[in-house]
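Note that these values count all heavy atoms, side chains included, but never hydrogens, waters or copies made by symmetry. Numbers here are sequence positions counted from 1.
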Amino acid sequence: MSIPPGNAGSFPRTPEDAPNDKADILARTVAAITAGEIDRARLILRAEYPFTPVTKAARRYTERQSLRIFYRDGFLDRYSGAQLVHPGALRALSLIAPEEFPFDPHWATSQSHFAFWELFPTIDHLMPVARGGADEAANWVSTSMLHNSAKAHWTLDELGWTLAPPGDHTRWDGLARWFVDHLRTHRELLADTYLARWFRATVDVRAELTGTSGQAGVPN
């Protein structure tokens, strides 16, 4: 499977590949062990490369919370600068062209188009919560499923990545306008509860951005 190029030296760079001197710390540790200085070896590890337990911090965001960040970031992957596509638009495409653009509800890679990993927007903590980052909008960035998975609980410095500037949702909105317009003219798609949730959330968030009434023209 080919991996799309990203910024800062191409994606994905693993923690083992990230530039650092941590291997040197371990080299000095084993040198101390070889010299019979076990206590000094332990001191080097405690002082220079301490063990920090990392716990998985799962977090679910509502469609509206997610969309506010996606619009703020201009539907761009902040780790690569690549354009992302509205979740509802991706799912609608899978219903319109299921053979050419399949999606498995269990996210089976063998039965889902790779676009759902490359282009599906998610929220990631710039500084992982497990590493002391805050679970608040200032620490949230838009990224793809692919980059979110690769970043895990590592920092950008550890991965050798850089943060791309946010985009402008008036220039690229992730096909959100198409998604809303298409469902307004193909109301049968609103029978899909997933599409209906994203539809209503998108109408509301767009209304927040424009200062208009969110529910105007929303089918029941």
Taking all atoms of both residues into account, what is the closest heavy-atom pair of Ala152 and Pro128, and its distance?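 Heavy atoms of Ala152 and Pro128 come nearest at O-CG, 4.4 Å.
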Tell me the closest heavy-atom pair linking Gly174 and Ala89, and the distance in Å.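 Closest heavy-atom pair between Gly174 and Ala89: O-CB, 4.3 Å.
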How long is the span from the [atom1] atom in [X] to the [atom2] atom in [Y], to the nearest 0.5 Å?
X	Y	atom1	atom2	value
Leu156	Arg78	CG	CZ	10.0 Å
Ile44	Tyr49	CD1	OH	14.0 Å
Arg187	His182	CZ	NE2	14.0 Å
Leu95	Leu195	CG	CG	5.5 Å
Arg60	Ser66	CZ	OG	9.5 Å
Arg206	His169	CZ	NE2	10.5 Å

Hey, mind stepping through Asp168 and Thr170 against side chain to side chain donor-acceptor pair (under 3.5 Å) and telling me if it holds? CA-CA 5 Å; Asp168 181 351; Thr170 64; 2.6 Å; yes
Please name all residues satisfying salt bridge (Lys or Arg N to Asp or Glu O under 4.0 Å) with Asp124, sequence neighbours left out, ordered by chain then number. Lys151
Any side chain to side chain donor-acceptor pair (under 3.5 Å) involving residues 28-37? Give me the pairs, sequence neighbours left out, ordered by first then second residue. Asp24-Arg28, Arg28-Glu48, Glu37-Arg40
Can you pull the side chain to side chain donor-acceptor pair (under 3.5 Å) pairs that have at least one residue in residues 84-105, sequence neighbours excluded? His86-Thr202
Taking the inter-plane angle between the rings of Phe75 and Tyr71 on a 0 to 90° scale, is it parallel (under 30°), tilted (30 to 60°) or perpendicular (over 60°)? perpendicular
Ring centres under 6.0 Å, that's the criterion: do Tyr79 and Trp161 meet it?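 Yes: the rings meet the under 6.0 Å criterion.
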Would you say [Y] ends up clustered with [X] if hydrophobic residues are merged whenever their side chains have heavy atoms under 4.5 Å apart, either directly or through other cluster members?
X	Y	value
Val30	Leu45	no
Leu90	Val203	yes
Phe116	Leu76	no
Trp107	Leu93	yes
Leu209	Phe199	yes

Does any part of the side chain of [Y], heavy atoms only, come nearer than 4.5 Å to the side chain of [X], both counted from C-beta?
X	Y	answer
Tyr194	Pro87	yes
Ile38	Ile33	yes
Phe103	Pro98	no
Thr122	Leu84	no
His113	Pro102	yes

Residue pair Ile123, Val141: steps toward the side-chain contact (heavy atoms from CB on, under 4.5 Å) verdict: CA-CA 6 Å; Ile123 291 178; Val141 292; over 6 Å; no
Verdict with reasoning, Ser112 to Trp117, per side-chain contact (heavy atoms from CB on, under 4.5 Å): CA-CA 9 Å; Ser112 299; Trp117 282 267; 3.5 Å; yes
Go through the steps for Leu126 and Leu163 under the test side-chain contact (heavy atoms from CB on, under 4.5 Å), then give the verdict. CA-CA 9 Å; Leu126 184 59; Leu163 187 66; 4.0 Å; yes
Check the pair Trp178, Asp173 against side chain to side chain donor-acceptor pair (under 3.5 Å), reporting the backbone distance first and the verdict last. CA-CA 9 Å; Trp178 171 84; Asp173 70 353; over 6 Å; no
Among Leu146, Thr109, Leu119, exactly one meets side-chain contact (heavy atoms from CB on, under 4.5 Å) together with Phe114. Which residue is that? Leu146
Evaluate the criterion salt bridge (charged side-chain N to carboxylate O under 4.0 Å, His left out) for residue pair Glu208 and Arg64; output intermediate values, then yes/no. CA-CA 10 Å; Glu208 292 175 8; Arg64 287 165 179 77; over 6 Å; no
Going through the checks in order, is the ring pair (Phe, Tyr, Trp, His ring centres under 6.0 Å) test met by Phe70 and Trp140? CA-CA 10 Å; Phe70 300 159; Trp140 298 343; over 10 Å; no
With distance as the sole test, does Gln65 use its side chain to make a donor-acceptor pair with the main-chain N or O of Thr62 at under 3.5 Å?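 A pair under 3.5 Å: yes.
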Taking it one step at a time, do His147 and Asp77 satisfy side chain to side chain donor-acceptor pair (under 3.5 Å)? CA-CA 8 Å; His147 280 88; Asp77 186 332; 3.0 Å; yes
Check the pair Glu63, Arg200 against side-chain contact (heavy atoms from CB on, under 4.5 Å), reporting the backbone distance first and the verdict last. CA-CA 9 Å; Glu63 289 84 4; Arg200 287 172 171 77; over 6 Å; no
